[in-house]
Structure formats: C-alpha cells, structure tokens
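Notes follow once the structure below has been shown.
Note that ligands are numbered from 1 as they come in the structure, with each ligand's atoms numbered from 1 the same way.
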Amino acid sequence: MPIPSLQPPLKQLSRLAVVGLGLAGCSLLRALAQAKARFQVVGFESTTEEDWTCARGAVGVLHPFVSKDHNLASQISQSSLACSLQWLEALQAPAQGFAGLQGVLEKGERQPGGWADLTWFRQACLSDARSRLGDRLSLRFSEKVSDLGDLLSNGFDAVVITTGHSQLLPESLHLALTPIAGQVSYLDLQTIDSDLARQRLQSLLPECVVCDEATLTPWVKGRVYVGASFHRGMDEALLQHDDQRDNLARLAAFRPELANALEPHWSKAGAWTGVRYATRDRLLHLGLPVLPAPHLSRSVSRLEQLPRWHSVYCFLGLGSRGLSTAPWAAECLVRALLGQPQDFPERLFHAIDPGRFLLRDHVRA
Ligand SMILES: Cc1cc2nc3c(=O)[nH]c(=O)nc-3n(C[C@H](O)[C@H](O)[C@H](O)COP(=O)(O)OP(=O)(O)OC[C@H]3O[C@@H](n4cnc5c(N)ncnc54)[C@H](O)[C@@H]3O)c2cc1C
C-alpha cells in the first residue's frame with residue numbers, strides 16, 4: 001500500500017511550484033536536480049533577490065537526537081543527519097571552510113555532527129540546482145504567494161510549501177506549528193584588543209561543537225557562537241539584550257571558565273536573530289495534508305483513511321534542526337513526486353505525516 005502522505009501528484013508532473021527558498025526549498029531544488037527531474041520547476045521567494053543573496057551568515061549546528069529506546073524521532077534523526085553530512089561533503093563545505101564536521105560533544109559523548117554556515121548552505125544548494133536543472137528551473141524573487149489555488153489553476157500540477165510557517169494553509173488542518181523566535185550570540189576575535197586575552201580565550205575553546213545548556217562552537221572564521229534563545233509563540237526576530245546575557249549565563253552552566261573569560265568582552269558580541277517554526281511533537285510535516293475542512297466520519301481512525309489534498313505537499317516545521325533534516329526530507333519528497341518507492345520504513349513517514357495531529361485530535365474527540 002502506498003504511504004498515504006507521500007503519493008505522487010494526480011497528474012503527470014510537467015510544472016512544479018516550490019514556495020519558499022529557505023533551507024527546505026533550496027534542499028528540495030537540489031534533490032530534484034540530483035534526481036534529474038525532467039519537468040519545469042518554479043521557485044517563489046517573498047524576499048528580494050538582493051536581500052536573499054546578501055543575508056548575513058549564521059552558523060547552524062548539526063547534531064543527532066538520540067533517545068535511549070531509539071524511538072522514531074531518533075531513527076529519523078539518525079538517517080537525516082547522515083544525509084546532511086553526505087550533502088555537505090558533496091558540496092565540499094569543509095574543504096571550502098564553510099563547515100566543520102568533526103562531530104559534536106553531547107552529554108560528554110562524541111556524536112556525529114558539526115557546524116555549517118546556513119546561508120552558504122542554501123546558496124550552495126541553489127547554485128548546484130541551477131547548474132544541473134538549467135532552463136528547467138526558474139526563480140521568482142520578490143513574489144509572495146498568497147493563494148495556492150491561484151498556482152494550481154495557473155498551470156502548476158503540484159505545489160510544495162516550504163515557507164517555514166503554515167499561513168498558506170487553513171487552521172483546520174491542525175498542523176500545530178508554533179513560531180519560536182531566537183537569538184545566537186557571537187564574538188569576533190578581532191574585537192579583543194589584548195593579545196593575552198585572545199590567546200587565553202582560544203585556549204579555552206573546544207575543538208568541536210558542544211551541545212549542553214547552550215550550543216558552543218569552536219572558532220569559526222574568527223568567531224565563537226553561543227546560542228540559542230527560545231521565545232515560544234513569538235514570530236518576530238528582534239535583537240534582545242537580555243538574550244545576549246542569557247546565552248552567556250547558559251554557557252556558564254557548563255563552561256564557567258570560558259564564560260568568565262568572555263564576560264569582559266561580551267558587550268561587543270553581535271547577534272543573529274531568526275524565527276523557526278516547530279510542531280508540538282518537534283517532528284516536521286512532510287507530504288500531503290488533509291483536505292481542508294473535511295467532515296471526518298467517526299469511523300476514521302487511521303492515517304490512510306484521511307482524505308488528502310492531492311498535489312499540495314507540506315515541507316514544514318523543521319524547528320531548530322533544519323540543517324540536520326532538510327536534505328533527507330527533500331530526497332524523500334522527491335521520491336514521492338517522482339512516484340518512486342521510499343528507502344525507509346513506512347512507520348517513519350507516519351511519524352511526520354501532516355495529518356497526524358488532526359487524526360489524533362479527531363480520535364480523542
Ligand atoms: C536562533 C536560531 C538558531 C538556529 N540554529 C540552528 C542550528 O544550529 N542548526 C539548525 O539546523 N537549525 C537551526 N535553526 C533553525 C533553522 O534556521 C530552520 O530550521 C530553517 O531555517 C528552516 O528552514 P525553512 O526553509 O523551513 O524555513 P525558512 O528558513 O524560514 O525559509 C522559508 C522561506 O520562505 C519564504 N517565504 C515565506 N512565506 C512565503 C510566501 N508566502 N511566498 C514566498 N516565499 C515565502 C521566506 O522568505 C523564507 O526565505 C535556528 C533557527 C533560529 C531562529
């Protein structure tokens with residue numbers, strides 16, 4: 001039986017719309033190019049090309065979610081992190097200095113992972129997709145999509161929504177996506193005047209990323225990053241002084257000596273702010289959502305019984321792990337678009353089915 005959320009489009013694909021060119025959208029374009037998709041692809045992005053291209057770089061950490069019983073979230077994390085690391089190697093990120101993949105220290109144990117420049121990653125994916133898809137790919141910057149129906153009635157056979165948020169979809173779909181604004185603090189080595197203070201700081205920094213009360217990077221192009229704060233329910237990325245202080249306080253909880261050494265220079269620290277969207281079980285949404293406003297009969301109790309909104313695919317809710325998740329999810333979604341079998345057990349896709357919350361709420365009611 002096909003996976004309910006990952007069925008191919010009803011019509012043979014000749015034109016696909018990808019809404020949003022963030023980590024998810026750009027990963028999807030690269031995965032389409034890798035799979036040698038033969039159809040036309042149009043990417044819509046609401047920001048201007050200039051703003052998109054000049055966006056300030058932030059460092060993203062790649063790390064696994066490990067559970068004692070290796071639950072579904074942990075299985076997805078294992079597969080998806082391996083895929084991200086492969087992509088970064090294929091895009092030559094470490095060799096070009098855009099990533100360090102020496103692993104992460106998590107609860108004192110070395111795990112696979114590292115860091116990568118988030119802005120570089122999306123640009124590298126897009127440029128790879130552009131070079132392979134050629135004139136089959138067109139990009140429309142400064143175009144905010146506000147109506148999916150418009151796209152579907154204007155020659156697109158399928159649409160993938162990768163906007164982070166779910167504002168294009170009705171609330172009745174129970175996607176349960178919450179905005180979480182946050183801030184990563186960073187300090188530039190060059191802002192420290194004293195050679196001695198600089199050397200002392202360098203000697204206290206780790207050789208790989210450390211994930212604990214906060215995330216700490218090694219020196220990355222002359223900077224150290226500490227983050228990130230979480231403001232659940234806030235959808236505006238505002239720079240907050242309190243967050244700078246809190247990031248340092250969280251660092252002090254597991255690296256007190258380093259936090260003390262950073263403290264006198266912390267007023268010169270910069271910050272990167274953003275908003276991530278997460279679901280209530282912290283897993284992403286991948287695939288076909290439920291048909292808007294369906295009247296579900298009481299007998300509906302399984303995902304395959306839900307009526308699907310065919311040809312509209314969600315790729316949403318990457319939360320704080322976009323870099324570790326987007327490439328794997330993009331490859332799975334491309335297999336669905338091309339009608340190919342998936343390489344992973346069906347139960348993994350049930351865990352990230354966009355209909356799961358609606359079904360759970362329906363069964364509970
Ligand atoms: C403070 C902070 C720290 C983080 N740290 C890490 C980390 O260490 N590691 C990690 O892996 N992840 C991290 N993340 C999370 C990561 O940034 C997200 O997971 C990732 O950005 C999600 O990618 P996305 O493509 O789903 O959404 P986005 O990156 O939000 O991209 C969505 C795109 O869609 C566009 N768009 C929106 N609406 C429309 C529309 N209607 N029409 C057209 N275009 C539209 C937007 O302009 C945007 O370009 C962090 C996030 C924050 C905020």
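Looking at ligand 1, you'll find an N or O of Val145 within less than 3.5 Å of one of its N or O atoms. In terms of N/O distances under 3.5 Å, ligand 1 is not approached by Ala228. The shortest N or O to N or O distance between Gly182 and ligand 1 is not below 3.5 Å. Residue Arg276 has no nitrogen or oxygen atom sitting less than 3.5 Å from a nitrogen or oxygen atom of ligand 1, judged on distance alone. Not a single N or O atom of Leu118, backbone or side chain, sits closer than 3.5 Å to an N or O atom of ligand 1. Here's the thing with Trp52: none of its N/O atoms is less than 3.5 angstrom from an N/O atom of ligand 1. Polar contact check, Leu323 against ligand 1: a nitrogen or oxygen pair lies under 3.5 Å apart.
Looking only at atom types and distance, the side chain of Ser185 has a donor-acceptor partner in the side chain of Gln244 under 3.5 Å away. No side-chain N or O of Arg15 forms a donor-acceptor pair with one of Gln40 less than 3.5 Å apart. Of the N and O atoms on the side chains of His231 and Asp243, at least one donor lies less than 3.5 Å from an acceptor on the other residue. A donor and an acceptor atom, one from each side chain of Ser67 and Asn71, are located under 3.5 Å apart.
Applying the 4.0 Å criterion to heavy atoms of Phe44 picks out, from ligand 1, the atoms 43 (C), 44 (N). Atom numbering of ligand 1 starts at 1 in the shown order; those under 4.0 Å from a heavy atom of Thr162 are 25 (O), 32 (C), 34 (O). If you number the atoms of ligand 1 from 1 as listed, the ones under 4.0 Å from a heavy atom of Val19 come out as 42 (N), 43 (C). Atoms of ligand 1 lying under 4.0 Å from any heavy atom of Gly322, numbered from 1 in the order shown and given with element: 10 (C), 11 (O), 12 (N), 19 (O).
Among all protein heavy atoms, the one lying closest to atom 16 (C) of ligand 1 is Gly319 O, 3.9 Å. Residue, atom and distance of the protein heavy atom nearest to atom 21 (O) of ligand 1 are Leu23 CD1, 4.1 Å. Scanning the protein heavy atoms around atom 10 (C) of ligand 1, the nearest turns out to be Ser320 O, 3.2 Å. Protein heavy atom in closest approach to atom 45 (C) of ligand 1: Ser46 OG, 3.3 Å. At the shortest separation from atom 31 (O) of ligand 1 among protein heavy atoms lies Gly22 CA, 3.4 Å.
Within the 6.0 Å centre-distance limit, the rings of His285 and Phe357 are counted as a close aromatic pair. For Trp115 and Tyr225, the ring centers are positioned 6.0 Å apart or more.
Under the 4.5 Å side-chain heavy-atom criterion for grouping Ile, Leu, Val, Met, Phe, Trp and Tyr, Leu13 is connected to Leu333 within one hydrophobic cluster.
The protein does not reach atom 5 (N) of ligand 1 closely, with no heavy atom under 4.0 angstrom from it.
The heavy atom nearest to atom 34 (O) of ligand 1, out of those in Gly113, Ser229, Gly20, is found in Gly20. Looking at Val18, Thr217, Val61, Leu148 and measuring to atom 8 (O) of ligand 1, the nearest heavy atom belongs to Val61.
In summary, Arg255 and Asp212 do not engage in a salt bridge, as defined by a charged side-chain N under 4.0 Å from a carboxylate O.
Within the 4.0 Å heavy-atom shell around ligand 1 one finds His165.
Residues Ala278 and Ile180 share a closest heavy-atom pair of CB-CD1, 3.8 Å.
Counting heavy atoms under 4.0 Å from ligand 1, residue Gln183 touches it through the backbone alone. Of the heavy atoms in Glu45, both backbone and side-chain atoms come closer than 4.0 Å to ligand 1.
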